[in-house]
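Reviewing the structure listed below.
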Amino acid sequence: MMTNHVIAQLFADVADLLEIRGDNIHRVLSYRKAAENIFAHTQEVALLRAAGQLTSIPGIGQTLADKIEEMLDTGKLDFYERLAAEIPVTLLELLQVEGLGPKRVKQVYETLGIKTLDELETAAKAGQLRDLPKMGAKSEEKLLKNIQALRLRGADKRLPLGEVYPIAQQILAALGGMAGVVQTAVAGSTRRWRDTIGDLDLLVALDAETGDAAAVMDAFCALPQAAEVAAHGPTKSRIVLGNGLGVDLRVLPAANWGTLLAYFTGSQAHNIRLREIAQKQGLSLNEYAFTNVATGDKILCATEEEVYATLGLPFIPPVLREDRGEIEAAQAGQLPQLIQQSDIVADLHMHTTWSDGKQTVLEMAEAAVARGLQHICITDHSVSLGIANGLSVERLRQQAAEIRAANEQMAGRIHIWHGTEMEIKADGSLDYPDEVLAELDFVIASLHVSLGQPREQMMARLLKAIENPHVDMIAHPTGRLLPEREGADLDMERVLEAAARTQTILEINANPRRLDLRDIHVRRALELGVKLAINTDAHHVDQFDLLPFGIATAQRGWATAENVVNTWPLEKLREGRP
DNA sequence: GCCGTTTTCGGCCCGACTGTTTTCAGTCG
């Protein structure tokens with residue numbers, strides 16, 4: 001199946017093979033950039049091909065468009081096959097070793113005939129690498145250690161955002177209290193609220209008089225969380241935590257804060273675009289300042305707003321900085337009015353002690369009031385999900401009575417809807433009959449079991465639920481669990497089309513283990529006119545506070561308040577119910 | 001290999017740190 005994912009991976013492998021071969025670096029980067037853009041593209045390229053629009057994807061010219069067509073038609077790429085015949089593809093796994101790049105891989109292959117990780121490890125242990133040019137005993141030892149780390153943790157393992165965020169706060173708190181530190185911030189993909197994080201980037205701004213960069217660096221490298229110090233310099237250091245997370249710290253004077261923050265928030269692709277714009281104005285841009293190329297004059301920016309203003313752009317929120325059209329939108333004055341947490345008045349997916357939640361209906365309602373919500377929907381699991389104490393029809397009707405009573409008690413403070421999170425069973429049937437669903441205020445259908453079925457079987461299950469007139473919303477559509485479970489193999493374009501046609505709401509589940517729909521599917525859903533919900537799926541009152549992860553995911557998909565039903569007041573949602 | 005209000009050729013973002021060197025290549029972000 002030639003999905004975007006498969007095509008992108010093939011182009012990425014071609015880029016690596018070309019780089020090992022020593023091809024022109026810009027040709028290499030073209031393949032790599034194309035891979036990234038295809039991976040992030042909201043539509044399947046197979047559809048674009050049918051419309052003759054492959055070259056509308058940034059970074060895809062005629063040559064790569066032809067190669068994509070070849071892959072779609074034949075299921076393979078002749079260029080890749082020929083490269084693979086020339087260079088062992090097992091060399092690609094060597095690139096996964098930290099500190100081992102294309103030049104060194106080429107070198108050990110050509111001089112020692114090393115093709116695999118095992119052979120590299122054996123050679124390192126035998127002391128065969130230290131005599132190579134620009135190598136020594138120290139590099140050999142480091143390489144050996146990094147090979148073992150790779151075996152232990154696997155390649156480029158990314159951690160869920162929800163796991164990284166508290167770590168960032170903890171480290172910043174430790175550094176923020178030091179003398180001469182005027183500002184700290186998390187940057188990188190964490191600040192852009194990506195769903196998973198490779199490395200954590202942290203920044204510290206120093207007072208020009210009292211700041212002591214060396215002291216901050218020493219403190220950072222001496223943190224108890226640091227399992228290893230990978231680099232320790234005057235402005236930049238890197239530690240590795242026990243869980244394998246790399247943490248980079250940059251320290252600069254406060255006068256450079258704007259350019260520093262912009263630079264390390266990225267994304268890299270967004271930064272390159274900013275630099276190109278600067279160049280056209282006769283400026284160069286780095287993390288320290290703008291420099292007038294002609295005169296050498298510096299323009300310092302203490303805030304990011306000044307950075308964008310210097311480029312003639314409005315401020316672009318970090319969540320949009322992926323080079324996915326935000327620069328063009330900013331230039332045209334058409335950045336979206338992104339949804340904010342303050343727009344949210346409802347949460348439509350949560351559990352109570354009736355199934356696998358930890359609190360009662362009233363406790364959930366009180367916690368929702370405390371967070372400013374105007375209405376909530378109780379959606380406990382349905383009967384077939386025995387492990388979660390799913391409700392029989394009889395218990396569901398008992399729960400209806402309890403919610404009626406709770407509404408009387410909470411009158412004027414919050415409204416409580418009665419709903420369900422109903423299983424879409426493995427055989428494709430729904431867990432409650434239509435006449436029971438008709439008794440409820442709001443019906444969620446969900447996939448939890450048999451997520452590994454073949455695509456057509458999964459699609460049949462999901463489409464049947466979407467087509468059911470009683471089903472209002474599909475929760476966490478793919479069922480993925482970060483970082484380990486991929487989620488069901490779905491044809492998202494068909495899912496989104498069906499949801500748009502039937503006006504079935506699709507959920508952005510705010511739990512950082514899910515963030516499902518993910519950002520690019522949110523974007524495509526909006527293009528197709530699908531209504532979205534952002535829900536916490538809270539099983540405990542504390543989990544209401546996971547909402548910011550869902551908001552950020554919606555923002556990354558360019559969602560505005562109107563796109564999200566949780567911003568709708570009670571009456572509008574009642575009327576808007578399909 | 002892509003791309004263009006310096007447009008079909010000749011560019012292509014910029015800097016820190018390490019380990020090996022005696023001025024820099026390789027890697028990374």
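Just so we're on the same page: letters track the sequence lines, and every chain starts at 1.
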| message | Suppose we screen for salt bridge (Lys or Arg N to Asp or Glu O under 4.0 Å). Which residues come up paired with Glu493(A), at least two apart in sequence or across chains? | response | Arg524(A)
| task | Encode nucleotides 2-11 of chain B as B, S and - characters from 5' to 3', where the letter depends on protein heavy atoms closer than 4.0 Å: B to the base, S only to sugar-phosphate, - to neither. | result | SS--------
| field | Among dT18(B), dG29(B), dA16(B), the one nearest Arg250(A) by side-chain distance | value | dA16(B)
| Counting any heavy atom closer than 4.0 Å, what does Ser237(A) reach on the DNA or RNA strands: base, sugar-phosphate only, or nothing? | nothing
| said: Under 3.5 Å, is there a donor on one side chain and an acceptor on the other for Arg321(A) and Ser267(A)? | reply: no
| request: In plain terms, say whether Lys142(A) and Glu98(A) are close enough for a salt bridge, that is, a side-chain N and a carboxylate O under 4.0 Å apart. | output: no
| task | Treat primed atoms plus P, OP1 and OP2 as sugar-phosphate and everything else as base, then score nucleotides 20-25 of chain B 5' to 3': B for base contact with protein heavy atoms under 4.0 Å, S for sugar-phosphate contact only, - for none. | result | S---BS
| message | Can you tell me the base-pairing partner of dT8(B)? Count Watson-Crick or G-U wobble geometry only, both distances below 3.5 Å, and say none if there is no partner. | response | none
| Any side-chain donor-acceptor pair under 3.5 Å between His232(A) and Asp218(A)? | yes
| Counting side-chain heavy atoms from C-beta on, which of dT27(B), dC17(B), dG29(B) comes nearest to Pro102(A)? | dT27(B)
| task | Would you indicate what Leu274(A) reaches in the nucleic acid, counting non-hydrogen atoms under 4.0 angstrom: base, sugar-phosphate, or nothing? | result | nothing
| remark: Closest of dG1(B), dT27(B), dG15(B) to the Asn286(A) side chain is dG15(B)
| query | Can you tell which of dG15(B), dT27(B), dG1(B) lies closest to the side chain of Glu287(A)? | reply | dG15(B)
| said: At 4.0 Å (heavy atoms only), tell me whether Asn271(A) reaches a base, stays on the sugar-phosphate, or touches nothing. | reply: nothing
| request: Select one nucleotide: of dC17(B), dG19(B), dG29(B), the one nearest the side-chain heavy atoms of Lys142(A). | output: dG19(B)
| field | Proximity to the side chain of Asp248(A) - top-ranked nucleotide from dC14(B), dG1(B), dG29(B) | value | dG29(B)
